> 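Below is the structure I would like to discuss, written out as structure tokens.
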There are 2 protein chains.
Amino acid sequence: MATMQDVARRANVSLSTVSNALNNTRPVAAATRARIERAIDELGYRRNVLARGLASRNSRIVALLFPAMENRLAGTALTFVTSAADEARAHGYHLVLWPLADDADAIQELVDQGLVEGVVVMEVGLRDPRVDVLAGSGLPFTMIGRTEHPGELDYADIDFDATLDTAVGHLRSLGHSRIALINGPESSVELAYGPVVRIEQAYRRAMSDHRLDGVVVHSERTVPAGRIAAGQVVVAAPDTTAIIVNNEHAAAGVVTGLTDAGRSVPADVSVISLLSSPEMAAMCSPRLTTLDSPGDALGRAGVRALVARIEKKAPTSQVLLPCTLHAGDSVALARGAGVTDGDTAR
Amino acid sequence: MATMQDVARRANVSLSTVSNALNNTRPVAAATRARIERAIDELGYRRNVLARGLASRNSRIVALLFPAMENRLAGTALTFVTSAADEARAHGYHLVLWPLADDADAIQELVDQGLVEGVVVMEVGLRDPRVDVLAGSGLPFTMIGRTEHPGELDYADIDFDATLDTAVGHLRSLGHSRIALINGPESSVELAYGPVVRIEQAYRRAMSDHRLDGVVVHSERTVPAGRIAAGQVVVAAPDTTAIIVNNEHAAAGVVTGLTDAGRSVPADVSVISLLSSPEMAAMCSPRLTTLDSPGDALGRAGVRALVARIEKKAPTSQVLLPCTLHAGDSVALARGAGVTDGDTAR
DNA sequence: CTGTTAGCGCGTTCAT
DNA sequence: ATGAACGCGCTAACAG
């Protein structure tokens with residue numbers, strides 16, 4: 001592997017001139033620059049990332065800290081990781097993966113290794129020990145999700161209010177008024193998992209905006225749990241004509257559970273799956289109507305904000321992105337209403 | 001951040017003694033070691049990864065090269081990435097993500113940056129330009145999947161022969177003999193995508209081992225495509241009683257397509273979904289019987305082999321891992337056969 | 001067993 | 001506009 005010294009010799013200049021030409025850190029005569037570039041081509045030279053990082057104290061490496069082996073976001077998490085890596089690359093950064101749960105010591109150790117210039121933290125909880133560690137370390141970081149009181153911290157999160165306005169509004173426009181929510185597990189609330197808590201708040205607010213009462217049932221993120229939850233809704237509110245479900249695995253179970261209870265989807269009860277992807281939703285029959293997570297956009301926004309902060313080119317970045325409605329076949333007019341078909345209508 | 005020099009001063013030893021204590025690269029007196037460890041604790045010292053990498057030429061960073069935005073393995077790809085990162089960490093390595101398609105120049109550039117000591121290549125094709133680039137670079141690498149002629153190259157791949165023996169054998173034991181395969185798209189064959197090619201070969205061999213004729217239909221990896229493919233099977237081989245489907249999205253469509261054609265699953269036709277995950281399969285009704293991809297094991301095996309090669313502690317590592325049968329509700333006794341219930345039987 | 005010294009490849013003064 | 005020299009934090013000879 002050629003070094004910068006090799007390039008310098010071949011171009012008959014000093015090492016520092018090569019460095020300055022590459023970094024545009026001081027003017028270089030056009031002619032010399034040309035000779036340098038030629039030498040670089042001929043040698044196939046690339047700057048050594050390690051040496052550059054050591055000398056400049058800018059490693060151009062950022063970390064993605066995410067909870068290993070959790071599948072809350074299973075559907076979109078891969079998109080998320082991929083787009084984050086891609087965005088980092090677009091900015092000339094490498095992305096390393098730190099698959100860690102709330103292990104403060106492990107995080108501190110990785111931070112202290114001095115490899116990365118910043119961290120993107122996925123799946124941030126309302127109270128998140130990882131955030132405390134990072135804040136204490138002084139290392140730049142941005143959150144995907146956000147704590148209860150983000151203050152001036154950077155984040156990119158889902159706009160739950162807008163998302164539930166869309167969900168409830170869509171159902172309302174089709175004549176539904178008995179709209180239930182099947183949210184993530186109660187344990188998520190206790191664990192201060194943001195989406196579950198915020199979805200519930202947003203749902204209640206959206207419902208009250210429409211002067212409607214709500215019914216909330218909690219469910220684990222599995223098909224059988226969703227099935228049971230559907231039964232609970234039917235018992236608790238037999239006149240329910242629409243259900244908003246937080247998890248797509250649960251949503252699949254909800255459809256089955258409704259069928260068990262003698263309700264057909266969407267003729268009797270409409271179902272909307274929150275934070276899903278259309279690919280997953282297509283596996284159910286009927287195909288679920290979804291509000292898709294903006295996984296790709298979140299990943300990119302998080303990395304972009306982090307890079308901006310590292311390079312001190314930007315103030316606090318706090319972004320909220322709504323889920324987008326993706327029509328399937330699980331939503332229809334409420335019984336007795338006389339409008340149009342919601343899913344197929346433009 | 002404290003440096004090794006700081007530790008040395010505080011422990012009243014020289015820099016090199018600290019280094020040697022940390023790396024066990026030469027004997028250090030117990031007493032000295034104790035003083036050093038104490039100093040390290042008190043200062044909260046961690047070795048700087050960059051400096052260590054530069055001096056030793058061992059960055060302890062490996063890359064995961066994977067096709068961005070593809071969803072062939074969507075179901076298990078996240079597991080794969082996560083477990084690879086976790087395994088790397090267990091060996092004291094960092095894992096960086098290189099989300100690149102077949103962009104030889106980009107790969108070469110990243111390699112030349114000298115950041116990583118090795119690469120795990122995901123989704124390797126039968127003829128794969130990325131493998132050529134890496135082989136030419138001299139950098140250690142291991143493949144997930146394998147080229148047509150891997151030679152002495154390291155790889156971890158699915159054992160397609162064993163997997164299709166399991167699938168066909170399972171169906172045979174339930175009395176099925178008209179067993180069709182719905183494989184990935186024809187384009188995958190042309191593109192030399194390993195799994196599609198190898199699954200088809202393994203299917204034909206397994207069928208002929210049982211002295212059976214096979215029927216193969218190709219399908220894109222989507223629900224509607226699977227639905228169409230099911231129709232094609234019914235037309236081409238009306239007496240089919242079982243279908244093995246390569247992709248889980250397609251598999252969901254196959255169930256619908258069979259229903260369209262007046263065949264019920266599993267009463268009339270059994271369906272097995274290949275290279276799936278039980279979580280996805282549970283979203284269908286009936287719940288699909290699957291042969292689950294060993295995503296986690298593949299990721300770990302790939303990283304483990306790579307680390308072994310980097311540290312020169314191992315010869316060629318070529319691993320084949322079978323998919324495991326996971327019973328759902330989409331497989332039953334063949335009509336007219338009088339054995340046992342396959343899915344619920346132990 | 002321990003200390004001294006020379007790099008690793010590059011950014012960054014300070015000169016000129 | 002360009003060179004020379006120093007140092008980033010650490011490993012790895014080479015001494016003793």
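Proteins get letters first, then strands, A, B, ... in listed order; numbering begins at 1 in each. These numbers were taken from a predicted model, which means no experiment stands behind them.
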> Mind checking A:Ser56 for me? I need base, sugar-phosphate or nothing, with any heavy atom below 4.0 Å counting as a touch.
sugar-phosphate

> Just N and O in the side chain of A:Arg52: are any of them under 4.0 Å from OP1 or OP2 of D:dC8?
no

> OP1 or OP2 of D:dG3 sitting under 4.0 Å from any side-chain N/O of A:Ser16?
no

> For a quick check under 3.5 Å, do A:Gln113 and B:Asn48 share a side-chain donor-acceptor pair by atom type?
no

> When all nucleic acid strands are considered with a 4.0 Å heavy-atom cut-off, which category describes A:Leu50: base, sugar-phosphate, or nothing?
nothing

> Please determine if a side-chain N or O atom of A:Thr32 lies less than 4.0 Å away from the OP1 or OP2 oxygen of D:dT2.
yes

> State whether B:Arg33 places a side-chain N or O below 4.0 Å from either non-bridging phosphate oxygen (OP1 or OP2) of C:dC1.
no

> Measure from the side-chain heavy atoms of A:Pro27 and tell me the nearest of D:dA1, D:dC8, C:dC1.
D:dA1

> Out of D:dG9, C:dT12, D:dA4, which nucleotide sits closest to the side chain of B:Asn48?
D:dG9

> Closer than 4.0 Å, any side-chain N/O of A:Asn23 to the OP1 or OP2 of C:dG11?
yes

> Would you please test A:Thr17 and A:Ile36 for side-chain contact (heavy atoms from CB on, under 4.5 Å) and show each step?
CA-CA 9 Å; A:Thr17 302; A:Ile36 290 173; 3.9 Å; yes

> Under 4.0 Å, counting only non-hydrogen atoms across every strand here, what does A:Arg57 touch: a base, just sugar-phosphate, or nothing?
sugar-phosphate

> Name the closest nucleotide to the A:Arg26 side chain, picking from C:dC14, C:dC10, C:dT2.
C:dC14

> What is the distance from CG of B:Leu54 to C1' of C:dG11, rounded to the nearest Å?
13 Å

> Output the rounded distance in Å from CG (B:Asn20) to P (D:dC14).
15 Å

> Report the distance from atom CG of A:Asn24 to atom P of C:dC10, rounded to the nearest whole Å.
17 Å

> Nearest whole Å is fine: how far is C:dG9 P from B:Gln113 CD?
15 Å

> Would A:Leu153 and A:Phe141 count as a side-chain contact (heavy atoms from CB on, under 4.5 Å) here? Give the steps.
CA-CA 8 Å; A:Leu153 297 178; A:Phe141 70 99; 3.9 Å; yes

> Under 4.0 angstrom, heavy atoms only, what part of the nucleic acid is A:Arg47 near: base, sugar-phosphate, or nothing?
sugar-phosphate

> Indicate whether OP1 or OP2 belonging to D:dG3 is found under 4.0 Å from a side-chain N or O atom of A:Thr17.
yes

> Would you mind classifying the nucleic acid contact of A:Asn12 as base, sugar-phosphate or nothing, using non-hydrogen atoms under 4.0 angstrom?
sugar-phosphate

> Would you check if B:Leu306 and B:Pro140 make a side-chain contact, meaning some heavy-atom pair closer than 4.5 Å?
yes

